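Following this message is one structure expressed as structure tokens.
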Amino acid sequence: MSQQSLDDWTADRNGGQPDRCLSFTVRGPWGHFRRIEGNIVKQTYRIIPRTTVAGLLAAVLGIERDGYYDLFAPDSSAVAIEPVREIRTVNMPMNTLSTAAGDLQSLNGRGKISVKLPDPTTLRQQHNYEVLVDPAYRIDVALANEQWYTGLRETLAAGESHYVPSLGLSEHLADIEYHGEFDVGDGPQTDTVEIDSAVPNAVDNIVLDSGTRCQIEESPAFMDSDAGGRTTTGFTNYAYNPDADSLEVRDTTAVSVDGRTVVFV
């Protein structure tokens with residue numbers, strides 16, 4: 001599919017931001033975005049990572065694994081993430097089977113279609129998962145690739161998805177509510193701005209207030225394919241309010257989408 005040049009897409013008259021974007025809310029009863037520095041307790045990111053958003057939308061479009069990293073590269077996509085429910089977690093023990101290649105067995109190995117599954121007769125291992133409770137995020141996304149952008153808009157508007165959407169783990173099924181396509185306008189032109197979305201890469205610019213909670217986390221933002229499958233090529237530091245309220249930020253570039261103030265990355 002063809003791709004516009006970055007200059008055509010970002011329209012410099014809008015401060016390097018896209019002119020339009022698609023907006024939707026993804027939610028579910030549970031979610032788990034495993035932190036890469038995990039240990040015995042498999043901890044979760046609180047803000048859905050940008051790489052997970054890319055995987056979610058690739059699943060909606062039916063793009064194969066390792067086939068969508070260029071589409072969501074930093075110079076050809078923009079994503080803003082806003083938590084819209086209070087962020088809560090619980091620890092949940094789960095009994096699991098190993099999915100290592102040596103522990104899988106084939107079903108119908110002599111047929112045209114073969115499926116590999118964990119051996120159900122082996123002993124389970126119990127792991128403690130930190131799980132998000134009722135997570136919900138408003139996502140604004142723009143793609144430089146006009147054909148994929150149009151396909152995503154039509155698929156979301158039809159309420160369809162090529163693969164079943166989930167929030168991290170495949171068993172944490174997700175519901176997607178499409179809000180529409182919106183113009184990306186100028187944000188408030190003041191020294192400090194109330195930002196509705198999680199604020200990327202502006203930790204030092206957060207205006208701390210005794211009545212407002214603020215948390216910080218770093219998560220993968222960009223990936224690239226390699227001989228081993230894929231590798232993370234960039235991270236984003238997010239500042240966010242776990243109560244799903246806004247944060248006051250100084251000296252940042254924000255934009256307006258559907259009456260909300262967000263920051264793309």
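The shown structure was predicted, so the numbers you read here are calculated from the model rather than taken from an experiment. In this chain, numbering begins with 1 at the start of the sequence shown.
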Check your understanding: Looking at side-chain heavy atoms only, is the closest gap between Thr233 and Tyr69 below 4.5 Å?
Key -> no
Point to revise | Approximate separation, where rounding is to 0.5 Å, of Ile47 CD1 and Glu82 CD | key: 10.0 Å
Review point. Hey, does Leu97 have a side-chain heavy atom less than 4.5 Å from the side chain of Thr122?
Key: yes
**Study point:** 4.5 Å side-chain heavy-atom contact, Cys21 and Phe264
**Key:** yes
**Study point:** CD1-CD distance between Ile206 and Gln215, expressed to the nearest 0.5 angstrom
**Key:** 12.5 Å
Practice item. Go through the steps to decide whether Tyr45 and Thr52 satisfy the test side chain to side chain contact (heavy atoms under 4.5 Å, CB included), and finish with yes or no. Key: CA-CA 11 Å; Tyr45 293 109; Thr52 305; over 6 Å; no
Practice item. Would you check if Val184 and Asp19 make a side-chain contact, meaning some heavy-atom pair closer than 4.5 Å? Key: no
Point to revise | Student check: side-chain heavy atoms of Thr236 and Asn201 closer than 4.5 Å | key: yes
Point to revise | side chain to side chain contact (heavy atoms under 4.5 Å, CB included) between Thr212 and Glu248, worked out | key: CA-CA 9 Å; Thr212 302; Glu248 189 175 4; over 6 Å; no
Review point. Do the side chains of Tyr240 and Ile87 get nearer than 4.5 Å, heavy atoms only?
Key: yes
Point to revise | SB check Arg46 Glu217 (cutoff 4.0 Å) | key: no
Review point. Closest approach of Ser161 and Ala59, non-hydrogen atoms and distance?
Key: OG-O, 3.9 Å
Exercise for review: Kindly indicate, with the supporting measurements, whether the criterion side chain to side chain contact (heavy atoms under 4.5 Å, CB included) is fulfilled by Ser197 and Ile81.
Suggested key: CA-CA 6 Å; Ser197 68; Ile81 302 170; 6.0 Å; no
**Study point:** Path from Leu71 to Phe222 over hydrophobic side-chain contacts below 4.5 Å
**Key:** no
Practice item. Using a strict 4.0 Å threshold on nitrogen-to-oxygen distance, state whether Arg35 and Glu130 make a salt bridge. Key: no
Check your understanding: Are there more than 12 heavy atoms of other residues, nucleotides or ligands under 6.0 Å from atom CG of Asp191?
Key -> no
Exercise for review: In sequence, state the C-alpha distance, the side-chain angles, and the governing distance for Phe235 and Ile36, and then conclude on side chain to side chain contact (heavy atoms under 4.5 Å, CB included).
Suggested key: CA-CA 12 Å; Phe235 291 82; Ile36 58 175; 3.7 Å; yes
Check your understanding: Can you get from Leu143 to Leu57 by hopping between Ile, Leu, Val, Met, Phe, Trp and Tyr side chains that sit under 4.5 Å apart?
Key -> yes
Check your understanding: When rounded to the nearest 0.5 angstrom, what distance separates OG1 in Thr231 from CG in Asp226?
Key -> 5.5 Å
Review point. What class does the angle between the rings of His172 and Trp30 fall in, given that below 30° is parallel, 30 to 60° is tilted and above 60° is perpendicular?
Key: tilted
**Study point:** Main-chain N/O of Ala100 paired with Ser98 side-chain donor or acceptor, under 3.5 Å
**Key:** yes
Point to revise | Closest approach of Pro29 to Leu173 (non-hydrogen atoms, all atoms of both residues) | key: CD-O, 3.9 Å
Study note, to complete from the structure: Rounded to the nearest 0.5 angstrom, the CD1-OH distance for Ile48 and Tyr238 is 10.0 Å
**Study point:** Pairwise side-chain contact, Lys42 with Met94, heavy-atom cut-off 4.5 Å (strictly under)
**Key:** no
Point to revise | Heavy-atom closest contact (Gly62 atom, Tyr163 atom, distance) | key: CA-CE1, 3.8 Å
**Study point:** Between Ser246 and Asp196: side-chain donor-acceptor atoms closer than 3.5 Å
**Key:** no
Study note, to complete from the structure: Taking every heavy atom of Pro135 against every heavy atom of Leu167, the minimum-distance pair comes out as CG-CD1, 3.8 Å
Check your understanding: Going hydrophobic residue to hydrophobic residue with side-chain gaps under 4.5 angstrom, can you get from Leu169 over to Val26?
Key -> no
Revision key, fill the gap. Rounded to the nearest 0.5 angstrom, the CZ-CD1 distance for Arg50 and Ile139 is 10.5 Å
Check your understanding: Heavy-atom distance under 4.5 Å between the side chains of Val141 and Val53, does that happen here?
Key -> no
Check your understanding: Has the side chain of Asn241 got a donor or acceptor atom that lies under 3.5 Å from a matching backbone atom of Asp243?
Key -> yes
Exercise for review: Check for a donor-acceptor pair, side chain of Thr44 on one end and backbone N or O of His32 on the other, with a separation under 3.5 Å.
Suggested key: no
Practice item. For Ser23 and Arg138, test the side chains for any donor-to-acceptor distance below 3.5 angstrom and give the result as yes or no. Key: yes
Check your understanding: Nearest heavy-atom pair of Arg85 and Gly28: which atoms, and what distance?
Key -> NH1-O, 4.1 Å
**Study point:** Donor-acceptor under 3.5 Å (Thr25 side chain, Ala136 main chain)
**Key:** no
Check your understanding: Around atom CD of Glu64, are there more than 12 heavy atoms of other residues, nucleotides or ligands at under 6.0 Å?
Key -> no
Practice item. Run the salt-bridge test on Arg20 and Glu146 with the 4.0 Å N-O cut-off and return the result as yes or no. Key: yes
Practice item. Say whether Leu156 and Tyr137 are linked into one hydrophobic cluster, either directly or through other cluster members, by side-chain heavy-atom distances under 4.5 angstrom. Key: yes
Check your understanding: To the nearest 0.5 Å, how far apart are CD in Gln105 and NZ in Lys116?
Key -> 11.0 Å
Point to revise | Smallest separation among heavy atoms of Val262 and Ile195, with atom names | key: CA-CG2, 4.5 Å
Exercise for review: State yes or no: do Val131 and Leu56 share one hydrophobic cluster built from I, L, V, M, F, W and Y residues joined by side-chain heavy-atom distances below 4.5 Å, directly or via other members?
Suggested key: no
